[in-house]
Amino acid sequence: MITGASRGLGRTTALALVGAGWVVVADARNGEELFQAIGDEVVAVPGDVTDPNHRRDLVEAAHAAGGLDLLVNNASTLGPSPRPRLKDYPLDALRRVYEVNVLAPLALIQTALPLLRRRNGVIVNVTSDAGTEAYEGWGGYGSSKAALNQMSDILAVEETVVSVYRFDPGDMNTRMHQEAFPGEDISDRPDPEKSVPALLALMEGRPSSGAYRVGDALLSA
């Protein structure tokens, strides 16, 4: 199961897994964009991951497909762009950032854990160096990823059956990254395809639960 699969890392990961023989359940808020991105190659379940009914639909789709070995919490939101400083950050927008980037992944994990435990599954929470470094203008997104990091680390300690990874794919040439730098040329950033082998290595190698970046994941395989 992969959230936020209509573009970027989510889309390329979903298609790579399909190519490797996996059955993939994927979601995105924009249903038309999701179907255009992945076609009939995956089980597409359009919807907003902050919606409890949608999360249940995702888990039911995985159950109907035979079970759940892997959950990739990839869906996230940048927040306002241009990026405001914290002193000016709209609190309603910040609530939305935390709802998407922190609360929704945990809620989906809670719903999916019974299926994941049956298969000794894997949880991958996609994070960012903005969650560990203090970058000016990144207070909303960065603090949400810091919360996701800590949540992942604690879950990794608490879970003895399911492997839990937080994965930093590094800078990528994606729409969200472009939204973070409006009017700038980000074509020098690697395409998401460059990060997918490291993410797949985590799933296949099953190293100890914890934090991994692109290079770390490849070395652990």
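Just so you know, these numbers use all the heavy atoms, side chains as well, and skip hydrogens, waters and symmetry mates.
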Worksheet item: With a 4.5 Å heavy-atom cut-off, do Ser76 and Lys145 have their side chains touching?
Response: yes
Discussion item. Nearest 0.5 angstrom please: Leu103 CG to Met151 CE, how far?
Written reply: 8.5 Å
Discussion item. Between Asp191 (side chain only) and Glu193 (backbone N and O only), is there a donor and an acceptor less than 3.5 Å apart?
Written reply: no
Worksheet entry | Interatomic distance, Leu148 atom CG to Asn125 atom CG [nearest 0.5 angstrom] | 4.5 Å
Practice prompt. List for me each residue that meets side-chain contact (heavy atoms from CB on, under 4.5 Å) alongside Thr77, sequence neighbours excluded, and say none if there are none.
Written response: Val97, Val100, Asn101
Practice prompt. Could you check Val72, Val59, Val24 and say which one makes a side-chain contact (heavy atoms from CB on, under 4.5 Å) with Met1?
Written response: Val59
Worksheet item: Judged by modelled atom types alone, do Thr3 and Asn74 share a side-chain donor-acceptor pair under 3.5 Å?
Response: no
Discussion item. Using every non-hydrogen atom in the two residues, find where Ala62 and Leu68 come nearest and quote the distance to one decimal.
Written reply: CB-CD1, 4.1 Å
Item to complete: Could you pull out the closest heavy-atom pair between Ala37 and Leu15, with the gap in Å?
Response: O-CD1, 4.3 Å
Item to complete: Inspect the contact between Arg83 and Glu136 and indicate whether a charged nitrogen and a carboxylate oxygen are less than 4.0 angstrom apart.
Response: no
Fill in: Arg85 side-chain N/O to Gly137 backbone N/O, donor-acceptor pair under 3.5 Å
no
Discussion item. Taking salt bridge (Lys or Arg N to Asp or Glu O under 4.0 Å) as the definition, give me every residue that meets it alongside Arg206, ordered by chain and number, with sequence neighbours left out.
Written reply: none
Discussion item. Measuring from atom CD1 of Ile38 to atom OG of Ser6, what distance do you get when rounded to the nearest 0.5 angstrom?
Written reply: 8.5 Å
Worksheet item: Going through the checks in order, is the side chain to side chain contact (heavy atoms under 4.5 Å, CB included) test met by Leu115 and Glu60?
Response: CA-CA 10 Å; Leu115 285 185; Glu60 287 173 4; over 6 Å; no
Scan the side chains in residues 86-94 for donor-acceptor partners under 3.5 Å anywhere in the protein, sequence neighbours excluded, and list what turns up.
unit_1: Asp92; atom_1: OD1; unit_2: Arg95; atom_2: NH1; d: 2.7

Fill in: Side chain Arg55, main chain Thr50, donor-acceptor under 3.5 Å
yes
Worksheet entry | Verdict with reasoning, Ser143 to Tyr98, per side chain to side chain contact (heavy atoms under 4.5 Å, CB included) | CA-CA 9 Å; Ser143 63; Tyr98 272 72; 2.7 Å; yes
Item to complete: Calculate, to the nearest 0.5 Å, the distance between atoms CH2 and CD1 belonging to Trp22 and Ile2 respectively.
Response: 9.0 Å
Item to complete: Go through the structure and list residues passing salt bridge (Lys or Arg N to Asp or Glu O under 4.0 Å) with Asp69, not counting sequence neighbours.
Response: Arg119
Discussion item. Under the rule for salt bridge (Lys or Arg N to Asp or Glu O under 4.0 Å), what residues qualify as partners of Arg96, not counting sequence neighbours?
Written reply: Asp48
Worksheet item: Short question: side chain of Tyr165, backbone of Pro207 - any donor-acceptor pair under 3.5 Å?
Response: yes
Response to the item:
side-chain contact (heavy atoms from CB on, under 4.5 Å) filter on Ala156, not counting sequence neighbours, yields Val164, Ser209
Practice prompt. Check step by step if side chain to side chain contact (heavy atoms under 4.5 Å, CB included) holds for Val162 and Asn120.
Written response: CA-CA 5 Å; Val162 176; Asn120 290 349; over 6 Å; no
Item to complete: Give, for atom CD of Glu159 and atom CD1 of Ile154, the distance between the pair rounded to the nearest 0.5 Å.
Response: 13.0 Å
Item to complete: To the nearest 0.5 angstrom, please state how far the CG atom of Leu70 sits from the CG atom of Leu116.
Response: 8.0 Å
Fill in: Shortest non-hydrogen contact from Val122 toward Val124
CG1-CG2, 3.9 Å
Discussion item. Is it the case that the side chain of Thr12 and the backbone of Gly8 share a donor-acceptor pair, with hydrogens and angles ignored and the cut-off at 3.5 Å?
Written reply: yes
